[in-house]
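Every value quoted in this text rests on a predicted model; they were computed, and no experiment measured them.
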Amino acid sequence: MIIEIPKTELFDLVARQLGSLFLFHSEERVLLEQGVESALKRCEHCFAHESSRYYRRGGEVYFNPFQSSQYAIFLYYLSNSIFRLRESVGTLADRVYYLNKALNGFDLFYEVEMPDVFFLDHPVGSVIGRGRFGNFFRFSQNCTVGNNKGIYPVIGVNVTMMSGAKILGDCRIGDHVVLGANAYVKDAVIPDCSIVFGSSPNLTIKTREKSYFTADLPPQYR
């Protein structure tokens, strides 16, 4: 993967941001370095599945920390990787999570297990809670994934949430589903290959051929 700046500068960037907004102690340097290495590997795998020109340079996977969507994904992977590395000491993971929230204006906690491949676009105002997510999950601004009475959604492969969409509670969202702008799905089952509009319990669900949703996916996900 090509990185716009050297790894040492990327590490220094994160450390300076943490130190400026919160605290960063010298004894945390090794843990942060380990987290950055893990996050970069996860970004490389994730970004390799995105065909957008922003994720490619000269045919190779490309990461630019000054492209905010890419950096938001990187900071999530960083906070989650630190959490995995040092689960009993959460403060550094907390600060990286908070940094992501402060810089990018959305809430994606490090204990939420996002899939190996997910993307976001203009995610300001979104809150992504502890659902179960399939690969190729995508969301944009003002989206919510959350619980109802302690039960969280299960979301399939290749699900896209358009602006303002919400998935709450005991939902089972099938594979290859698009939730239209401002769709509100609560305690509902959505079949595969669907486009969803409206609000529960009065949802409008339109089905399409699978190929409608999968043309841009790698063969193993079609």
Side-chain angles (χ1 to χ4, degrees), residues 38-39 41-52 55 69-84 87 93 96-97 100-101 104-181 183-196 200 205 210 213-214 216-218 220-222:
S38 175
K41 290 177 183 176
R42 296 169 73 180
C43 282
E44 182 173 15
H45 176 78
C46 178
F47 296 173
H49 294 83
E50 176 55 70
S51 58
S52 165
Y55 293 81
S69 293
Q70 294 184 15
Y71 197 52
I73 294 170
F74 167 78
L75 287 177
Y76 161 74
Y77 280 139
L78 178 57
S79 63
N80 180 258
S81 295
I82 291 170
F83 171 68
R84 292 178 178 183
E87 191 167 333
V96 176
Y97 151 70
N100 202 6
K101 191 174 180 179
N104 295 298
F106 78 109
D107 194 317
L108 180 53
F109 191 46
Y110 56 79
E111 290 187 10
V112 176
E113 287 294 337
M114 298 302 288
D116 293 335
V117 180
F118 80 98
F119 297 100
L120 46 85
D121 188 31
H122 308 295
V124 175
S126 290
V127 179
I128 306 300
R130 300 170 189 261
R132 287 170 51 193
F133 301 89
N135 278 313
F136 291 92
F137 175 68
R138 296 174 184 266
F139 66 94
S140 56
Q141 66 267 32
N142 296 316
C143 293
T144 302
V145 175
N147 80 89
N148 181 35
K149 299 178 181 178
I151 301 175
Y152 284 86
V154 176
I155 297 172
V157 173
N158 193 32
V159 172
T160 298
M161 299 179 71
M162 305 303 286
S163 173
K166 298 173 178 63
I167 305 173
L168 301 177
D170 190 11
C171 293
R172 297 295 183 272
I173 311 297
D175 297 339
H176 315 301
V177 170
V178 175
L179 276 72
Y184 174 68
V185 182
K186 178 183 176 185
D187 298 335
V189 175
I190 305 299
D192 293 350
C193 303
S194 298
I195 303 174
V196 183
S200 291
I205 301 174
K210 188 177 181 181
F213 302 92
T214 61
D216 295 329
L217 292 181
Q220 65 268 34
Y221 292 101
R222 293 177 187 170

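For the side chain to side chain contact (heavy atoms under 4.5 Å, CB included) with V145, the lone residue among M161, R132, R130 that qualifies is M161.
N100 and Y76 get closest at one heavy-atom pair: ND2-N, 3.5 Å. The nearest pair of heavy atoms linking V196 to A183 is O-CB, 3.8 Å. What you find for D187 and C171 is that their closest heavy atoms are N-SG, 3.3 Å. A165 and G180 make their closest contact through CB-O, 3.9 Å (heavy atoms, listed as atom of the first residue, atom of the second, distance). The two atoms that bring D192 and G174 nearest to each other are OD1-CA, 3.2 Å, heavy atoms only. For the pair S126 and N142, the tightest heavy-atom approach, listed with the atom from each and the gap, is OG-N, 3.2 Å.
D216 contributes atom CG, which lies 9.0 Å from atom CD of E50 (distance to the nearest 0.5 angstrom). Taking CD of Q70 as the reference point, atom CG of L75 lies at 12.0 Å (rounded to 0.5 Å). Between L120 atom CG and F106 atom CZ the span is 5.0 Å, to the nearest 0.5 Å. Between F118 atom CZ and I73 atom CD1 the span is 5.0 Å, to the nearest 0.5 Å. Of the inter-residue distances, the one linking D121 atom CG with C143 atom SG reads 10.5 Å to the nearest 0.5 angstrom. Taking CD1 of I128 as the reference point, atom CD1 of I155 lies at 7.5 Å (rounded to 0.5 Å).
Judged by distance alone, the side chain of N148 and the main-chain N or O of D170 form no donor-acceptor pair under 3.5 Å. The main-chain N or O of V157 is found under 3.5 Å from a side-chain atom of D175 such that the two form a donor-acceptor pair. Judged purely by atom type and a 3.5 angstrom limit, S81 has no side-chain atom pairing as donor or acceptor with the backbone of S79. Of the possible polar contacts, none joining the T144 side chain to the K166 backbone as a donor-acceptor pair under 3.5 Å is found.
No side-chain heavy atom of Y152 sits less than 4.5 Å from a side-chain heavy atom of V112. Within the 4.5 Å cutoff, no side-chain heavy atoms of F213 are placed close to those of V177. C193 has its side chain within reach of K210: a pair of non-hydrogen atoms, C-beta onward, lies under 4.5 Å apart. Contact check for V117 versus H45: side-chain heavy atoms found under the 4.5 Å cut-off. Taking 4.5 Å as the limit, some side-chain heavy atom of P123 sits within range of a side-chain heavy atom of F139.
Between Y110 and F83, the angle of the ring planes lies from 30° to 60°, which puts this pair in the tilted group.
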task: Evaluate the side-chain contact (heavy atoms from CB on, under 4.5 Å) criterion for residues Q141 and S163: first the C-alpha distance (whole Å), next the side-chain angles of each, then the deciding distance (0.1 Å), finally the verdict.
output: CA-CA 5 Å; Q141 66 267 32; S163 173; 3.5 Å; yes

task: Might you work through the side-chain contact (heavy atoms from CB on, under 4.5 Å) test for M114 and N80, ending with a clear yes or no?
output: CA-CA 9 Å; M114 298 302 288; N80 180 258; over 6 Å; no

task: Could you go through the side chain to side chain donor-acceptor pair (under 3.5 Å) check for Y97 and D107 one step at a time?
output: CA-CA 8 Å; Y97 151 70; D107 194 317; 3.0 Å; yes

Stepwise side-chain contact (heavy atoms from CB on, under 4.5 Å) check, M162 with T160: CA-CA 6 Å; M162 305 303 286; T160 298; 3.7 Å; yes

- request: Apply ring-ring contact (aromatic ring centres under 6.0 Å, His included) to Y71 and F74, showing your working.
  value: CA-CA 5 Å; Y71 197 52; F74 167 78; 5.8 Å; yes

message: With side-chain contact (heavy atoms from CB on, under 4.5 Å) as the criterion, how do C46 and Y77 come out once you've worked through the C-alpha distance, each side chain's angles and the decisive distance to 0.1 Å?
response: CA-CA 10 Å; C46 178; Y77 280 139; 3.8 Å; yes

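Within 6.0 Å of CG on N147 lie more than 12 heavy atoms contributed by other residues, nucleotides or ligands. More than 12 heavy atoms of other shown residues, nucleotides or ligands fall within 6.0 angstrom of atom NE2 in H49.
In this model, a donor atom of one side chain and an acceptor atom of the other lie less than 3.5 Å apart for N158 and H176.
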